[in-house]
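Worksheet for the structure shown next.
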Number of protein chains: 2
Amino acid sequence: MNDLQSLEVTSLDELPTPCLLLDQSKMVANIGKMQAHIDSLNASLRPHVKTNKSISVTEKVIENLAVKKITVSTLHEARYFQSHGVNDIMYGVGITPQKLPEVADLMAKGTSISIILDDVSVAQTVCAEGEKRGITFRVHIELDVDGHRSGVLPEDPALIEIGKILQASNGAELVGVMTHAGESYDCPTTDAIVEMAEQERSRSVKAAELLRAAGIECPEVSVGSSPTAAFAQNLDGVTEVRAGVYVFQDLFQSGLGCSTPDQIALSVLGTVNAHKHNKNLIIVDAGWMAMSRDRGTASQKVDQGYGLVVDLDGNPIDDLILVAANQEHGVIGARDGGPVNFDTLPIGSRVRILPNHACATAAQYENYKVHTGKTVTAVWPRIRGW
Amino acid sequence: MNDLQSLEVTSLDELPTPCLLLDQSKMVANIGKMQAHIDSLNASLRPHVKTNKSISVTEKVIENLAVKKITVSTLHEARYFQSHGVNDIMYGVGITPQKLPEVADLMAKGTSISIILDDVSVAQTVCAEGEKRGITFRVHIELDVDGHRSGVLPEDPALIEIGKILQASNGAELVGVMTHAGESYDCPTTDAIVEMAEQERSRSVKAAELLRAAGIECPEVSVGSSPTAAFAQNLDGVTEVRAGVYVFQDLFQSGLGCSTPDQIALSVLGTVNAHKHNKNLIIVDAGWMAMSRDRGTASQKVDQGYGLVVDLDGNPIDDLILVAANQEHGVIGARDGGPVNFDTLPIGSRVRILPNHACATAAQYENYKVHTGKTVTAVWPRIRGW
């Protein structure tokens with residue numbers, strides 16, 4: 001998709017602001033780097049599309065994959081990507097029983113969709129619903145490998161119990177185990193992420209082996225978080241890796257060491273509209289509605305405020321950040337609170353702002369203005385909702 | 001607008017989740033309360049529509065106003081509300097010079113739109129653009145009455161200088177002064193908000209009097225923030241008050257004393273999909289994508305996490321809050337970290353979650369499911385973008 005029809009200008013110097021920019025070269029490099037890494041470890045990628053929510057982006061993400069498969073965070077994403085020809089989908093959020101009819105509808109359209117669960121009673125509900133409908137739901141058992149949020153512990157007898165419930169029913173089949181090592185987002189060092197990646201791998205493989213030892217087929221072992229995907233050194237026994245933020249990268253990932261700010265493909269374009277000389281602050285027309293309310297870097301070593309200010313070429317400007325944000329006001333100041341060089345950013349001048357969290361910032365927009373250098377080459381849509 | 005066509009169910013027990021609920025009775029009560037308060041102080045309301053971004057909501061907000069006037073935070077809002085017949089608009093964010101052609105387009109369509117500025121050079125730019133186009137931009141000078149963010153101090157010679165620049169040009173006219181006492185959001189007590197409201201009033205009226213004393217007409221004195229609007233005791237000299245959150249209210253406003261949680265009209269409907277017995281946590285399908293990333297109450301006396309959990313009738317459940325949120329996972333726990341009664345919220349059961357910040361949460365949705373009790377009576381659209 002390459003819809004420039006609604007775009008009257010094709011330069012970053014003239015785009016209406018605020019808007020969401022996507023640097024195509026950086027995105028392509030990010031995609032290639034992760035794919036090469038996972039390939040080198042003899043696993044496959046099942047990219048998570050919750051960050052991009054765009055068929056135009058996802059086409060680039062999956063075009064060089066042997067199997068065009070994705071992970072979604074909502075059934076609305078599943079329907080959207082299915083309607084654009086992507087038919088191998090994992091719905092990576094614990095299934096809510098009321099959503100099973102929507103899953104069945106997708107299956108009826110030819111989608112190979114798998115759901116995830118971590119509870120005996122939910123497994124029973126899924127089997128009963130499948131039997132009632134005369135269909136077989138594809139299921140991954142969600143594992144807890146790091147105490148993060150959801151999932152059954154590999155050693156928990158519930159793992160085998162769920163496996164046997166699925167095995168005994170025609171209403172469901174066990175596709176495999178899956179986990180998300182979300183605690184990797186809190187790792188203080190890259191060494192700790194390397195260890196977390198190995199923990200994610202070994203605990204998941206152990207769960208699969210326990211199921212197999214109990215006579216239950218468990219073909220797939222699916223792991224993934226953007227940090228562990230980036231730092232995994234061994235994926236023996238793992239069949240696929242799920243990650244999504246790597247396509248764009250962001251300041252939080254940079255804080256973890258998964259990227260550098262220079263590799264971030266996503267940014268917000270804004271225009272300076274006021275100088276507050278008495279406060280050493282500059283006001284820009286990109287507030288939290290443009291950046292999102294995400295302040296994830298507040299818990300990292302380098303707090304990036306609401307985003308890092310760079311010029312149109314992507315180079316940082318005097319270590320300026322968005323020190324505060326109101327709905328439509330971004331407040332630019334020096335990270336150290338020191339004096340601001342107002343001459344660098346006259347009223348009417350433009351800046352780009354790198355986001356803390358690509359998923360949250362992109363969610364504030366209806367489309368991406370795709371650019372190469374200062375030239376806008378395409379407008380790519382994105383979806384939202386459930 | 002009352003579009004139930006796309007809605008197959010009309011009960012909170014059956015709506016797909018997550019979705020955004022708007023309790024019509026509570027909204028109407030909030031609207032009436034603020035209007036009676038401002039009426040009693042002999043001022044008029046210019047409601048801010050940046051919270052609701054919906055003509056269906058705004059029609060209710062302005063239907064009993066003598067003058068149907070609104071404040072917008074983006075020119076996209078201005079175009080949208082103008083296209084629905086609202087023609088008296090203040091664009092309440094400091095004008096970016098590049099946006100003047102869009103303002104001129106709105107004026108050409110018959111909209112009485114005013115812009116705001118606080119800078120001599122911007123005033124000159126606006127005058128020059130108006131003269132070039134042969135039109136007269138309507139201008140409010142933005143005041144700094146509380147050291148919050150933007151605006152010129154009443155005592156700053158720039159105030160009179162800007163007034164004279166506008167007076168001397170056919171390209172612009174001074175409509176009045178305006179301010180937003182945003183520091184009221186940090187007031188520790190309601191007494192402090194009362195004082196801030198008086199400071200907002202007296203400083204704004206002083207600025208108007210200084211302009212008038214210099215021979216510059218200044219018909220309007222426009223003030224407003226949701227807290228100062230709620231607690232103002234005297235509006236002598238003020239012509240209009242701008243506020244917007246009061247229509248819905250939220251937990252942050254409740255923390256300030258502007259409302260009670262029971263008066264909040266906006267909530268998110270979610271479904272429980274997992275029990276984490278070992279962690280005393282319940283997972284619900286409303287994460288930060290459904291709630292926004294806003295954590296404003298973290299700085300207040302009562303931290304509400306990502307939102308307060310109530311039942312379908314709006315009653316709090318065991319002082320449960322969203323203690324954490326991932327993109328599509330809301331994590332429900334006891335505020336005090338204590339044990340959770342899982343029997344209260346079985347898997348598949350539904351909760352409503354009151355938001356920290358109505359503006360941010362509503363921005364995550366395409367529409368409101370309007371309800372009276374547990375019955376959905378309408379679906380009202382809302383817009384986004386710039």
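Quick caveat, the model's predicted, so the values are computed rather than measured. Below, chain A is the first sequence line, B the second, and so on; all start at residue 1.
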Checking heavy atoms, do the side chain of B:His76, its backbone, both or neither come under 4.5 Å from chain A?
neither

Examine whether an atom of B:Asp294 lies under 4.5 Å from a heavy atom of chain A, and if so say whether it belongs to the side chain, the backbone or both; otherwise answer neither.
both

Looking at A:Gly287, A:Gly151, A:Gly385, A:Gly92, which has the largest count of heavy-atom pairs under 4.5 Å with chain B?
A:Gly151

Identify which part of B:Gln364 has an atom lying under 4.5 Å from any heavy atom of chain A, answering side chain, backbone, both or neither.
both

Charged N to carboxylate O under 4.0 angstrom, B:Asp285 versus A:Lys99?
yes

Go through the atoms of A:Val122 and report whether side chain, backbone, both or neither lie under 4.5 Å from a heavy atom of chain B.
side chain

A:His277 versus chain B, the contacting section by heavy-atom distance below 4.5 Å
neither

Which atoms of B:Glu328 approach chain A - backbone, side chain, both or neither, heavy atom under 4.5 Å:
both

A:Thr17 portion near chain B, given a 4.5 angstrom heavy-atom threshold:
both

Region of A:Ala324 that comes under 4.5 Å of a non-hydrogen atom in chain B:
neither

Quick one: what part of B:Gln98 sits under 4.5 Å from any heavy atom of chain A, side chain, backbone, both or neither?
side chain

So what's closer than 4.5 Å to chain B heavy atoms on A:Ala274: side chain, backbone, both or neither?
side chain

With a 4.5 angstrom heavy-atom cut-off, could you sort out which part of A:Ile95 is near chain B: side chain, backbone, both or neither?
backbone

Between A:Gln327 and chain B, which part of the residue has a heavy atom less than 4.5 Å away: side chain, backbone, both or neither?
side chain

Would B:Val120 and B:Ile165 count as a side chain to side chain contact (heavy atoms under 4.5 Å, CB included) if you check the C-alpha gap in whole Å, the side-chain angles of each, and the deciding distance to 0.1 Å?
CA-CA 8 Å; B:Val120 168; B:Ile165 289 168; 3.6 Å; yes

Relative to each other, are the rings of A:Trp288 and B:His357 parallel, tilted or perpendicular (30° and 60° limits)?
perpendicular

Part of A:Pro18 within contact of chain B (heavy atom distance under 4.5 Å)
both

Contacting region of A:Lys50 [heavy-atom separation from chain B under 4.5 Å]:
both

Would you mind checking which part of A:Arg295 comes under 4.5 Å of any heavy atom in chain B, side chain (CB onward), backbone (N, CA, C, O), both or neither?
neither

